[in-house]
Amino acid sequence: AKQPPSAFSAGSPQRSSAQFLTRGPSVLSVARSMTTRQLLAAAAAFAAATARPSLAATVSVAALSERIAAEECWDTEISDSQTFYPLGVQVHSDPDTADLFDIKYSDTFKVVISNIAKEQYVLTQCGQTEPTTEQVDEVAALESGYIRKHFGVPIQTSMASTTVLLGFLEALGVQDRVNYVSQYAVASCWQQAVSCGATVESNATLLTGQQEGVDVVFMDCGIDCSNVNSMANGVHVPTTQEDGMLATAEYIKYIGAFFNKEPQANELFAATKTAYNQAASGHTTTPVVVWISYTAYGGPNWDQKTLTISQASYKLTLVEHAGGANFDAETELANVPGLDVSYAVAGNPAAGKTYSFYVSSFNGSAANTEADVMANATAHFMAALASADVVIDETYAWDPSTYTFDSFLAQYGLTSTSDRKFVQNGMVLRFDRTVSEGNGMDWYESRIAKPDWAVEGLAHSLFGDASKRAKYFRNIAKGELVDQVLTKAACGSTLPVCEDTTSEFITITGPVDEEVVPTPAPTP
């Protein structure tokens with residue numbers, strides 16, 4: 001399937017990933033929505049579309065002496081009053097946004113704290129001596145149950161296990177330090193890297209070799225984060241486990257610290273925050289928006305045709321910020337039969353809710369045909385949406401360009417003369433406007449780092465506002481097409497995975513006379 005792989009981040013049950021687990025179909029949930037014949041055809045098509053050379057990823061890296069000469073690394077012995085990390089280059093998580101990480105600084109190292117995986121990452125300026133346990137403890141005591149890992153920075157090589165991290169790496173301009181990416185990557189340079197064989201392997205043996213051959217593996221947790229904890233160079237990035245869209249975007253600081261890119265990360269996040277807050281200003285009307293989808297493989301056992309209304313918290317926030325109003329599912333669906341209500345992420349009420357209509361619940365008679373049952377279900381489903389002015393249809397389509405307004409009408413048992421307001425007013429949206437050459441959707445990649453683009457894109461579609469960026473969303477009721485195709489030819493960077501070259505040096509100012517006062521360590 002052409003969606004990002006779902007190495008689902010469970011983390012702790014209380015802090016599961018609302019934006020990741022509910023962000024769209026995974027490889028498995030895509031398979032749920034396809035027949036056996038479709039699966040076989042899709043597999044063949046995907047194999048042809050993603051054919052690539054043998055695993056490439058041996059890349060050249062600069063020697064320490066070269067890095068010192070370029071002032072990326074420093075072997076200078078510093079005095080007690082000097083530091084590589086003056087206050088002007090430091091980053092910290094904003095207590096009003098991200099709350100699952102923190103970063104603390106000393107003179108020659110910094111400590112990144114990842115709270116879900118319960119890990120500390122001690123990042124020592126390359127060329128300097130790795131700090132002792134006692135020195136690290138003075139800056140950030142190791143809390144009970146936490147483990148500590150050491151890295152030299154800036155790192156030279158890395159793996160990005162999921163697409164949700166790629167927007168940050170691209171924004172920081174460190175594509176040349178990423179050796180392996182998901183085959184579902186969308187941005188131009190990631191597609192170029194994939195074409196050169198720099199793809200995260202599915203074969204366990206080959207994958208282990210890839211992971212052991214890089215400085216850092218940026219990854220998601222499994223059920224209990226043991227997959228991260230057991231890997232010496234594994235780094236958990238819980239961006240989509242934060243509750244808010246700006247909180248997810250703040251992880252540019254977290255990732256930036258591994259590349260000594262804190263000044264750029266601070267600037268980029270500040271710009272994103274400003275753009276996010278300004279993205280939907282100036283609209284006075286508030287159209288009611290509802291997110292819906294259909295799958296043939298829903299339910300707890302993946303065997304039930306299901307119509308769904310998603311009220312994931314991040315989607316509700318996005319609609320409100322873009323100037324819309326959210327469908328009142330609790331009220332409007334109060335008397336609908338066959339309705340199952342669950343948390344959007346199990347065990348996490350803050351993630352929002354999912355309302356599922358199981359088609360089998362609408363079988364009024366054993367004599368009804370399958371078509372009759374489906375028609376009865378969609379009729380009830382659409383009747384419940386009477387108050388909605390705008391529908392965002394998340395139903396999966398292998399080739400987004402083939403999903404049209406007629407597809408939507410047929411899927412939900414409607415005609416062009418339906419009295420539903422979103423049909424009469426031509427307001428049926430999808431978020432598959434921006435794709436890769438292989439039809440991977442950018443919604444699952446750049447949106448994580450750039451929530452302002454999502455707000456702008458939705459505001460553009462809700463209000464026909466030409467002053468807002470057209471991004472992600474298209475209105476199929478108005479015939480809008482999948483017209484933003486990102487191509488590998490547009491990559492303007494030199495990638496070591498494709499050419500015999502090393503990454504560009506990331507210079508850092510030498511030790512400066514500004515004493516760092518370590519932040520008091522928390523009580524274990």
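Please read all numbers here as calculations on a predicted model, not as lab measurements. One is the number of the first residue; the rest follow in order along the sequence.
Under the 3.5 Å distance criterion, the side-chain polar atoms of E445 are left unmatched by any main-chain donor or acceptor of L166. Between the side chain of S313 and the backbone N or O of A351, at least one donor-acceptor pair lies under 3.5 Å. A donor-acceptor pair under 3.5 Å links the side-chain atoms of T248 to the main chain of M245, judged by distance alone. Listed for the E170 side chain is no donor-acceptor partner under 3.5 Å among the backbone atoms of S188. The closest donor-acceptor contact from the side chain of K149 to the backbone of G234 lies under 3.5 Å. A donor-acceptor pair under 3.5 Å is absent between the side-chain atoms of S106 and the main chain of F109, judged by distance alone. Using a distance-only test at 3.5 Å, with no hydrogens or angles considered, a donor-acceptor pair links the side chain of Q191 to the main chain of L486. Of the possible donor and acceptor atoms, none in the side chain of E212 sits under 3.5 Å from a partner among the backbone N and O of G209. When atom types are taken as modelled, the side chain of Q183 and the backbone of V194 share no donor-acceptor pair closer than 3.5 angstrom. Side-chain atoms of E66 come within 3.5 Å of backbone atoms of A63 as a donor-acceptor pair (strictly under, hydrogens ignored).
Taking OG from S158 and CZ from F151, the interatomic distance works out to 11.0 Å, rounded to the nearest 0.5 Å. Atom OG1 of T354 sits about 12.0 Å away from atom OH of Y343, to the nearest 0.5 Å. Distance CD/Q278 to CG/D452: 10.0 Å, rounded to 0.5 Å. The line from CD of Q192 to OG1 of T494 is 10.0 Å long, rounded to the nearest 0.5 Å. To the nearest 0.5 Å, atom CD1 of residue I155 and atom CD1 of residue I506 are 8.5 Å apart. Once rounded to the nearest 0.5 Å, the distance linking CZ of F269 with NZ of K253 reads 5.0 Å.
Minimum interatomic distance between V89 and E262 (heavy atoms only, all atoms of both residues): O-CB, 2.8 Å. The minimum heavy-atom distance linking T162 with D220 is given by the pair CG2-OD2, 2.9 Å. Shortest non-hydrogen contact noted between A279 and A459 is O-CB, 4.4 Å. Considering all non-hydrogen atoms of both residues, S436 and A185 come closest at CB-O, 4.2 Å. The minimum heavy-atom distance between S114 and Y121, with the atom names listed, is CB-CE1, 3.8 Å. For A160 against L169, the heavy-atom pair with the smallest separation is CB-CD1, 3.9 Å.
Side-chain N/O atoms of Y276 and E456 include no donor and acceptor closer than 3.5 Å. Residues Q125 and N260 have side chains that bring a donor and an acceptor to within less than 3.5 angstrom of each other. Looking only at atom types and distance, the side chain of Y251 has a donor-acceptor partner in the side chain of E242 under 3.5 Å away. With no hydrogens or angles considered, no side-chain donor-acceptor pair links T306 and T308 at under 3.5 Å. Checked by atom type, the side-chain pair T507/E71 shows no donor-acceptor distance below 3.5 Å. A donor-acceptor contact closer than 3.5 angstrom is absent between the side chains of Q120 and H150.
Salt bridge absent: K118 and E143 never bring a charged side-chain N and a carboxylate O closer than 4.0 Å. Here K315 pairs with E394 in a salt bridge; the nearest charged N to carboxylate O distance falls below 4.0 Å. Taking 4.0 Å as the cut-off between side-chain N and carboxylate O, D442 and K471 count as a salt-bridged pair. With respect to the salt-bridge test (charged N to carboxylate O, under 4.0 angstrom), the residues R177 and E72 qualify. A salt bridge is absent between E119 and R148; no separation between the charged side-chain nitrogens and carboxylate oxygens falls under 4.0 Å.
Around atom CD of E320, more than 12 heavy atoms belonging to other residues, nucleotides or ligands sit under 6.0 Å away. Surrounding CD of Q484 are more than 12 heavy atoms belonging to other residues, nucleotides or ligands, all under 6.0 Å away. For CZ of F505, the number of neighbouring non-hydrogen atoms (other residues, nucleotides, ligands) closer than 6.0 Å is greater than 12. Under a cut-off of 6.0 angstrom, the local environment of CG in D500 is sparse, with at most 12 non-hydrogen atoms contributed by other residues, nucleotides or ligands.
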Derivation of the side-chain contact (heavy atoms from CB on, under 4.5 Å) call for N233 and D215: CA-CA 6 Å; N233 60 345; D215 296 335; over 6 Å; no
Any chance you could lay out the side-chain contact (heavy atoms from CB on, under 4.5 Å) test for F259 and V153, step after step, and finish with the verdict? CA-CA 6 Å; F259 298 93; V153 292; over 6 Å; no
I would like to know whether S182 and W190 meet side-chain contact (heavy atoms from CB on, under 4.5 Å); could you show each step before the answer? CA-CA 9 Å; S182 163; W190 304 132; over 6 Å; no
Test side-chain contact (heavy atoms from CB on, under 4.5 Å) on Q241 and H236 and set out the steps. CA-CA 11 Å; Q241 293 178 291; H236 183 223; 3.1 Å; yes
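Y105 pairs in a side-chain contact (heavy atoms from CB on, under 4.5 Å) with only one of the listed residues (V139, V91, L123), which is V91. Screening Y444, W443, F431 for a ring pair (Phe, Tyr, Trp, His ring centres under 6.0 Å) involving Y472 leaves a single residue, W443.
Applying the ring-ring contact (aromatic ring centres under 6.0 Å, His included) test to pairs two or more places apart or on separate chains, those with a residue in residues 209-232 are F218-F258.
Annotation: side chain of E330 is in contact with side chain of Y355 (closest heavy-atom distance under 4.5 Å). In this structure the side chain of P451 reaches within 4.5 angstrom of the side chain of T272, judged on heavy atoms. The shortest distance between side-chain heavy atoms of L458 and V319 falls below 4.5 Å. Two residues are said to be in side-chain contact when any heavy atoms from C-beta on lie closer than 4.5 Å; T108 and I78 meet this criterion. Two residues are said to be in side-chain contact when any heavy atoms from C-beta on lie closer than 4.5 Å; L207 and S202 fail this criterion. Residues V217 and V235 have side chains not in contact (no heavy-atom distance under 4.5 Å, counting atoms from C-beta outward). Within the 4.5 Å cutoff, the side chain of N227 has heavy atoms near those of the M219 side chain. Annotation: side chain of W74 is in contact with side chain of I508 (closest heavy-atom distance under 4.5 Å).
With sequence neighbours excluded, the residues forming a side-chain contact (heavy atoms from CB on, under 4.5 Å) with A171 are I252, L268, listed by chain and number.
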